[in-house]
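One structure is given below, encoded as structure tokens.
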Amino acid sequence: MVPSNLGEEMSTELALPPEWEDDERMNFLFSDFKENRDVSTTDWDSKMDFWTSLILKICRSRGTVCVHLQELNKIFQRKGIMPLGLATVIQCMARCGKIQRESEFATNVDCGWVSWGVGLLLVKPLKWTFSTLLGSSVVTLKELFVVIELVKEKAAELLGVYRSSPVANHSLLSFQELRTLSSHVCVDESTLCMALLQLQREKQVTVSLHGGEKIVKFSQPGQNHVSPVSDVDLGIYQLQRSEGLLEERVEALGLEAEKYKEEARVLLREGKKSQALRCLRSRKRVEKKADHLYAQLENVKGILDKIANSQTDKLVIQVYQAGVSALRLSLKDVTVERAESLVDQIQELCDTQDEVNQILAGGALNSSMSYSILYSYLVVVLKQFHNQMANVQRVWQMINDPIRLADADTDGLEDELRFLLENSSLDDHLQH
């Protein structure tokens, strides 16, 4: 699963750290780890950090998410010497959760994946021994480990590629279609499988087997997790596949018809009229077949359009239902009787104000106490009047807004009708 020439490639492609040229420093880094970390904690940790970061750097630069000890030994060979402590590095990274055995990573996901083998992982199931599945601490040379940080990055990148692609509106994709779509993101099928496994862990993808074909379904924007594959999904998928096959067939028949046409032209120039006629008859047969397939293609496209429209209608109805519920809640405490009561109260306050104005205009006040009492009364009356007016305005606005909108729509339609009548009269005049 990892190229045999990986070490040779990395020696030329990877920018190695500056200390790689320091013999004294590299002799220390290439030496084995002490059995007891407590003997020299600083040296032990610095060596571990060096190799851990370098392994991550290598995998990220290559776009892979898996490593194994044998290839790491080849990659980091220096002056004919291989590092002695890489097995310890892998064990430590596994204990810290930075990497995980490929078998453990696969078996910790939904067992539905095992049914179709997770790509290249289950090609050699006999090598998944009980010790492997039970998490033995022994690191073999060719045992693959998944780098958790990188597989999460690759999974997010894969999901982004799907959602930004022209097929993002397809609810289902075949595994091969996804392989082609993600070829610039996942360098091989194993990397794609690991990314899909991670997405399935995150409940953003579900994979199933239908009719012997691997089908992948992604979650849609706004969904917390992917929904199960339904019969509707499968029906739409079959229609989309039929549409693609028919388009390919119609295109091929069109090319075949053009080929017969060119052959007939060449034969006619050579004076072979009978052979040219046979080519033209073949061309007619091909065109007739193409027309028949094109009609079927249009029918399939029409069905897909109706399905898309029905889904849009469903969303519109849901929006309408939400709007009705919101409007019902907003009008919960608003009734016609309450509005009439508010208007009556306002009228009473207005009458009271008129009486006060008449009193003020009809005579003079005899004392400062009378002025103070009257002023206080007026302040109370005006505050009540202001509050009642604000409530009435809100109520009447909520009641009258739909009417205004309806009137505005009616006025717009009348203007448009008047415009059409004027243009119609002008066209009749020009024709006469």
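If you're wondering where the values come from, they're calculated on a predicted model, not measured in any experiment.
In this structure, OG in Ser165 is found 10.5 Å from CD in Glu177, a value given to the nearest 0.5 Å. Interatomic distance, CD of Glu102 versus CG of Leu197, reported as 9.5 Å (0.5 Å rounding). One finds the CG atom of Leu267 at 10.0 Å from the CG atom of Leu277 (value rounded to the nearest 0.5 Å). Atom NE2 of His170 and atom CG of Leu178 lie 13.5 Å apart (nearest 0.5 Å). The CZ atom of Arg249 sits 11.5 Å away from atom CD of Gln296, with the distance rounded to the nearest 0.5 Å. Note that the CD1 atom of Ile90 and the CD1 atom of Ile99 stand 5.5 Å from one another [nearest 0.5 Å].
Checked against the 6.0 Å centroid threshold, Phe33 and Trp51 do not count as a close aromatic pair. Taking the six-membered ring for Trp and the full ring otherwise, the centers of Trp44 and Phe50 sit at least 6.0 Å from each other.
Between the side chain of Gln223 and the main chain of Gln220, a donor-acceptor pair closer than 3.5 Å is present. Checking side-chain atoms of Gln275 against main-chain N and O of Lys272 turns up no donor-acceptor pair under 3.5 Å. The backbone N or O of Leu86 lies less than 3.5 Å from no partner atom in the side chain of Gln91, so there is not a single donor-acceptor pair. With hydrogens and angles ignored, the 3.5 Å screen pairs no side-chain donor or acceptor of Ser182 with any backbone N or O of Val185.
Taking each heavy atom of Leu150 and Leu56 in turn, the nearest pair found is CD1-O, 4.1 Å. Minimum heavy-atom separation, Glu19 to Leu29: CG-CD1, 4.4 Å. The heavy-atom pair separating Val286 from Leu253 by the smallest distance is CG1-O, 3.2 Å. Heavy-atom minimum distance, Cys279 versus Glu263: SG-OE1, 3.8 Å. Closest approach of Cys66 to Val146, counting heavy atoms only: SG-CG2, 4.0 Å. Here the shortest heavy-atom pairing between Trp20 and Gln77 reads CZ2-O, 4.4 Å.
Within the 4.5 Å cutoff, side-chain heavy atoms of Glu153 are placed close to those of Arg60. The closest side-chain heavy-atom distance from His68 to Phe145 is not below 4.5 Å. Under the 4.5 Å side-chain criterion, counting only non-hydrogen atoms from C-beta, Phe76 is in contact with Ile58. Put simply, the side chain of Leu172 reaches to within 4.5 Å of the side chain of Leu234, judged on heavy atoms. Annotation: side chain of Thr206 is not in contact with side chain of Pro228 (no heavy-atom distance under 4.5 Å). Looking at heavy atoms from C-beta onward, Met93 lies in side-chain contact with Ile55 at the 4.5 angstrom threshold. Counting heavy atoms from C-beta on, the side chains of Leu84 and Phe30 never come closer than 4.5 Å. Residues Cys186 and Lys154 form a side-chain contact, since some pair of their non-hydrogen atoms from C-beta on lies under 4.5 Å apart.
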**Message:** With salt bridge (charged side-chain N to carboxylate O under 4.0 Å, His left out) as the criterion, how do Glu247 and Lys301 come out once you've worked through the C-alpha distance, each side chain's angles and the decisive distance to 0.1 Å?
**Reply:** CA-CA 11 Å; Glu247 287 177 344; Lys301 287 184 175 181; 3.5 Å; yes
**Chi angles and distances behind the salt bridge (charged side-chain N to carboxylate O under 4.0 Å, His left out) call for Glu71, Lys142** = CA-CA 8 Å; Glu71 290 300 333; Lys142 293 187 177 182; over 6 Å; no
**Item:** Check against side-chain hydrogen bond (donor to acceptor under 3.5 Å, both in side chains), Asp344 and Ser341
**Value:** CA-CA 5 Å; Asp344 292 340; Ser341 175; 5.9 Å; no
**Request:** Go through the steps to decide whether Leu192 and Leu158 satisfy the test side chain to side chain contact (heavy atoms under 4.5 Å, CB included), and finish with yes or no.
**Result:** CA-CA 8 Å; Leu192 175 61; Leu158 177 62; 3.7 Å; yes
**Request:** I would like to know whether Val207 and Gln200 meet side chain to side chain contact (heavy atoms under 4.5 Å, CB included); could you show each step before the answer?
**Result:** CA-CA 8 Å; Val207 181; Gln200 183 147 328; 4.0 Å; yes
**Request:** Would you check, one step at a time, whether the test salt bridge (charged side-chain N to carboxylate O under 4.0 Å, His left out) holds for Glu256 with Lys259?
**Result:** CA-CA 5 Å; Glu256 186 178 354; Lys259 179 182 177 182; over 6 Å; no
**Asked** After noting the C-alpha distance and the side-chain angles of Gln198 and Val205, does the key distance pass the side chain to side chain contact (heavy atoms under 4.5 Å, CB included) rule?
**Response** CA-CA 9 Å; Gln198 180 60 34; Val205 154; over 6 Å; no
**Request:** Dump the intermediate steps for side chain to side chain contact (heavy atoms under 4.5 Å, CB included) on Lys98 and Ile148, then the final yes or no.
**Result:** CA-CA 6 Å; Lys98 294 180 179 180; Ile148 303 302; over 6 Å; no
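Within the structure, ring pair (Phe, Tyr, Trp, His ring centres under 6.0 Å) pairs that include any residue of residues 203-257 comprise Tyr162-Phe218 (at least two apart or interchain). Every pair passing salt bridge (charged side-chain N to carboxylate O under 4.0 Å, His left out) that includes a residue from residues 218-242 is listed here, sequence neighbours excluded: Glu213-Arg241, Lys217-Asp233. Residue pairs that meet the salt bridge (charged side-chain N to carboxylate O under 4.0 Å, His left out) test with at least one member in residues 79-96, sequence neighbours left out, are Asp23-Lys79. Residue pairs meeting the salt bridge (charged side-chain N to carboxylate O under 4.0 Å, His left out) criterion with at least one member in residues 44-56, sequence neighbours excluded, are Arg37-Asp45.
The closest side-chain donor-acceptor pair between Ser219 and Arg163 falls under 3.5 angstrom.
Around CD of Glu298, the count of heavy atoms belonging to other residues, nucleotides or ligands within 6.0 Å exceeds 12. Within a 6.0 Å radius of CD in Glu35, no more than 12 heavy atoms belonging to other residues, nucleotides or ligands are found.
By the 4.0 Å N-to-carboxylate-O rule, Arg101 lies close enough to Glu143 to be salt-bridged with it.
By the salt bridge (charged side-chain N to carboxylate O under 4.0 Å, His left out) test, Glu243 is found to be paired with no residue, residues two or more places apart in sequence or in another chain being considered. Contacts of Arg179 classified as salt bridge (charged side-chain N to carboxylate O under 4.0 Å, His left out), with partners at least two apart in sequence or in another chain: none.
Tyr260 does not carry Arg285 over the face of its six-membered ring by the limits of under 6.0 Å from the centre and within 45° of the normal.
None of Arg201, Glu202, Lys203 except one satisfies the side-chain contact (heavy atoms from CB on, under 4.5 Å) rule with Leu199; the exception is Glu202.
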